[in-house]
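Heads up: the structure comes next, in structure tokens.
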Amino acid sequence: MTVMIRDTETAAAVSFIQKVFEEEEHLGFNDKASASFLSFLEEHGNDLSWLGAYLGDRLISVLGYDPETYHLSLLFTDRAHQRHGAAAALVKELIEQAEEEGVQRVSVNALEQAVPFYEKIGFEREGDGIIASDMKMRLMEYRTGERNLGRKVKVIIDHPYGSFHPFLPDVMYQCNFGYTEESLHHKDLQEAYVYGPEEPLEEFTGTVIAIIYHRDEERTRWIVSSAAVFNEEAVRNAVLETEQDYEIRISWLKQK
């Protein structure tokens, strides 16, 4: 089955979902879950951007996401075309768009029964599952930022090694800290630690060896080094004190 993926108008997407929802007897949701879902669709449908999968002129699957955060909110396929790849094609298109826009991750609160579907695409589980409106869900993320691992970048230092943190009392930077030069041309600065040199620097060019993800935040911080081989625990310890206000997860460059 060959489908075409394209942007879809909100009205068409909402109408499609409502039809699927009614024809499939509320998709097995109980009354509370059904009411919560329909309320969300009515209140937030216009806030989402929509992608549609089309078989000819027929809409067979839709995906709704927040265009600011790339959080995937809704994904529906009609019964006749389930398990034929339309939904996966939509999610992969969203990931490709996020990568092109420089977005660091795509997230979704997946229903428990949908977790294997997202894992097959490359999403990973984050934290414990939650229950909302009698629906069991789990936060999952696809970390698009990992494509930057191994990338060579220039870091402009604005918090040198040994300087005090501006907001954490008595905390000193154990690494030079700043932002990548190329991010000066973007809406948001890409922050970065420089691991290795134990002296104040003004700038540094090296390779991205790790990416720090903050739970519930869109931004990331890169760790840049000239070291071809590094000890992950030593690198983590060098940034841990200045990252103490965040719940973090680190993705590492694979070492040869």
Side-chain angles (χ1 to χ4, degrees), residues 1-123 126 130 132-144 216 218:
M1 181 178 71
T2 302
V3 298
M4 296 293 294
I5 307 297
R6 60 176 184 260
D7 293 338
T8 299
E9 296 292 331
T10 298
V14 170
S15 177
F16 172 83
I17 292 175
Q18 290 172 334
K19 182 180 179 181
V20 171
F21 202 71
E22 292 171 2
E23 289 180 349
E24 300 190 20
E25 298 181 354
H26 293 191
L27 302 172
F29 295 158
N30 62 28
D31 290 343
K32 183 178 180 180
S34 296
S36 175
F37 166 76
L38 292 173
S39 176
F40 176 87
L41 186 62
E42 180 179 352
E43 293 178 11
H44 300 288
N46 287 320
D47 298 329
L48 302 177
S49 292
W50 296 90
L51 294 173
Y54 290 82
L55 194 58
D57 293 329
R58 181 180 177 184
L59 181 61
I60 63 172
S61 186
V62 295
L63 181 155
Y65 67 98
D66 185 324
E68 295 295 325
T69 64
Y70 275 76
H71 179 78
L72 193 167
S73 298
L74 297 168
L75 179 62
F76 281 86
T77 305
D78 67 23
R79 183 183 293 276
H81 297 94
Q82 291 177 4
R83 302 182 184 279
H84 286 81
L90 286 171
V91 178
K92 290 175 182 177
E93 174 64 23
L94 181 64
I95 291 169
E96 289 180 9
Q97 290 188 14
E99 290 176 339
E100 290 175 2
E101 292 294 323
V103 176
Q104 299 294 312
R105 68 186 121 196
V106 175
S107 61
V108 61
N109 288 318
L111 293 171
E112 279 293 337
Q113 59 266 35
V115 167
F117 164 79
Y118 286 105
E119 287 182 326
K120 187 174 181 179
I121 293 174
F123 283 73
E126 290 293 324
I130 61 173
S133 300
D134 291 340
M135 294 181 287
K136 294 181 179 180
M137 295 183 290
R138 183 178 295 276
L139 175 63
M140 304 186 73
E141 292 183 345
Y142 187 104
R143 289 186 285 279
T144 52
D216 299 327
E218 297 309 309

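Each residue takes its place number in the sequence, starting with 1.
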For [X] and [Y], which heavy atoms make the closest approach, and how far apart are they?
X: L75; Y: A87; answer: CD2-CB, 4.1 Å
X: L94; Y: L63; answer: CD2-CD2, 3.9 Å
X: Q113; Y: P116; answer: O-CD, 3.7 Å
X: A53; Y: L90; answer: N-CD2, 3.7 Å
X: L59; Y: G52; answer: CD1-CA, 3.8 Å
X: H71; Y: V108; answer: CE1-CA, 3.6 Å

Pairwise side-chain contact, [X] with [Y], heavy-atom cut-off 4.5 Å (strictly under):
X: I5; Y: E96; answer: no
X: L48; Y: T10; answer: no
X: R83; Y: T77; answer: no
X: D47; Y: D66; answer: no
X: L74; Y: W50; answer: yes
X: L51; Y: D7; answer: yes

### Non-neighbouring partners of F123 that pass ring pair (Phe, Tyr, Trp, His ring centres under 6.0 Å), sequence neighbours left out
Y118, Y142
Within this structure, what is the [atom1]-[atom2] distance for the pair [X] and [Y], rounded to the nearest 0.5 Å?
X: N109; Y: E126; atom1: CG; atom2: CD; value: 11.5 Å
X: H81; Y: R58; atom1: NE2; atom2: CZ; value: 5.0 Å
X: R143; Y: Q104; atom1: CZ; atom2: CD; value: 11.5 Å
X: H44; Y: S39; atom1: NE2; atom2: OG; value: 7.0 Å
X: R138; Y: L111; atom1: CZ; atom2: CG; value: 12.0 Å
X: Y70; Y: I95; atom1: OH; atom2: CD1; value: 11.5 Å

### Message
Using a 3.5 Å distance criterion without hydrogens, assess whether the side chain of T144 forms a donor-acceptor pair with backbone atoms of V103.
### Response
yes
### Task
Ignoring hydrogens and angles, tell me if any N or O in the side chain of S61 forms a donor-acceptor pair with the backbone of F76 under 3.5 Å.
yes
### Task
For atom CD of E42, decide whether the heavy atoms of other residues, nucleotides or ligands shown that lie under 6.0 angstrom number more than 12.
no
